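Bear in mind the structure is a predicted one, so any value in this text is a computation, not a measurement. Ligands are counted one by one from 1 in listed order, and the atoms in each one are counted from 1 as well.
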Amino acid sequence: MSNHLTEVDPAVADAVDRERERQESTLGMIASENHVSEAVLAAQGTALTNKYAEGYPGARYYGGCEHVDEVERLAIERATELWGADHVNVQPHSGTQANMGVYFAAIEPGDTILSLDLTHGGHLSHGHHVNFSGQLYAVEQYEVDPETGYVDYDALAEQAREVDPDLVVSGSSAYPREFDWERIGAIADEVDAYHLADIAHVTGLVAAGVHASPVGHADFVTGSTHKTIRAGRGGIIMCEEAYADDVDSAVFPGSQGGPLLHNVAGKAVGFAEALTPDFEAYAERVVDNASALADVLRERGLSLVSDGTDKHLVLVDLRDSHPDLTGADAEAALSDVGIVVNKNTVPGETRSPFVTSGVRIGTPALTTRGFGPEEIETVGHLVADVIDAPDDGTTRDRASDAVDDLCESFPVYE
Ligand code: DSN
């Protein structure tokens, strides 16, 4: 029982070490990823993983829950302070599980969801046909305006009147602009639908007040807890008190069993960190860095969906500037020099999701490492250099050396 991982399972230990080294020696620019603190890592790797605690603090189905009750209560209290919702459930295992909890609480199978199309920035769990949400519910989707790349709220209102949804979903995984939560709330109200705002990507920006909050404009708010908020991995649901019992029952016993209390502990620790003034400065910098990245990429002739960003990510549409380079090619070339991004579909996409015509690039993780606009500008030029000449060995070598220097100057973990 007490032997170290390296003795018990050298294969796994070695892979873990190599992953940590990969994170140190590359520039992580996947917009949904971040680096949590050593304290969050420590909380997640604890004996709390051993405990079953179906139910909620003070009302569990198992004995011995007094300490995990305290951990879950702390996570709830801190989340309530961060986002200001009436009721918080910190048990969802992921953002998708959080969305499932809301669907189960609010609507019935066969009811209609109106949500943003995946290729226009939405998410699989907002009704895509390969996901449970697209299989259980009737799904209608809205798109961004092809000219501006922004959600067209007048068109959305019109569509809502036509399709008469039971639930309108706002929020995204690849939409670079803020949502007008108030307007979407009003659109949902007009057609007597619930409004779910999924803030998975921007939980940290909303908590820090650098992005508008949907709390008060949405009946339900969901998120994941490991992206911009930089806490333990998982999901979260927030709602008005009136829906608290329905949400809690939809999570447990409706769609999950025992909570992952080691992750709930990681959430509690990350939330405490996010309540400090340092976190507000971090969130501001994430947005400033994304804006600096957008400026450089535009200057270098790359098209960005919506021509820029309000938040932590940019979405490069390669079709204008590099029609023969796919998102997959760009991802691979950037990865070869140590810049890790993901290929991404773009509005009006004609290629498959495995190929795509875009790349999504985010700043949360590099900002955690200490990057500011100056370093981000350097990275932006490296990205543009590689996209301009993906097969040129000299360009690649130069970019690779520059990435090594940046990684050495900004370590993730000391
Ligand atoms: N996988 C996340 C993202 O990259 O946006 C969403 O679940």
List, for ligand 1, each N/O atom that has a protein N/O partner under 3.5 Å away, with both atom names and the distance.
from: ligand 1; atom 1: 4 (O); to: Ser32; atom 2: OG; distance (Å): 2.7
from: ligand 1; atom 1: 4 (O); to: Arg360; atom 2: NH2; distance (Å): 2.7
from: ligand 1; atom 1: 5 (O); to: His201; atom 2: NE2; distance (Å): 2.7
from: ligand 1; atom 1: 5 (O); to: Arg360; atom 2: NH1; distance (Å): 2.9
from: ligand 1; atom 1: 7 (O); to: His123; atom 2: NE2; distance (Å): 2.9

message = Tell me whether the count of non-hydrogen atoms from other residues, nucleotides or ligands lying under 6.0 Å of CD in Gln135 goes above 12.
response =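 Counting other residues, nucleotides and ligands, CD of Gln135 exceeds 12 neighbours.
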task = Please collect all salt bridge (charged side-chain N to carboxylate O under 4.0 Å, His left out) contacts where either partner lies in residues 337-359, sequence neighbours excluded, each pair once.
result = Glu331-Lys343
remark   = Contacts satisfying salt bridge (charged side-chain N to carboxylate O under 4.0 Å, His left out) that involve residues 23-49 (not counting sequence neighbours) are Arg20-Glu38
message = Looking at Ala272, is its backbone amide N or carbonyl O close enough to the side chain of Arg78 to form a donor-acceptor pair, meaning the two atoms are under 3.5 Å apart?
response =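 Flag not set: sc Arg78 to bb Ala272 has no pair under 3.5 Å.
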task = Could you name each residue pair satisfying ring pair (Phe, Tyr, Trp, His ring centres under 6.0 Å) that touches residues 216-250, not counting sequence neighbours?
result =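 Non-adjacent pairs meeting ring pair (Phe, Tyr, Trp, His ring centres under 6.0 Å): Tyr194-Phe220, Tyr194-Tyr243, Phe220-Tyr243.
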Parallel, tilted or perpendicular, as decided by the 30° and 60° cut-offs, for the rings of His312 and His201 =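 Tilted, since the angle between the ring planes falls between 30° and 60°.
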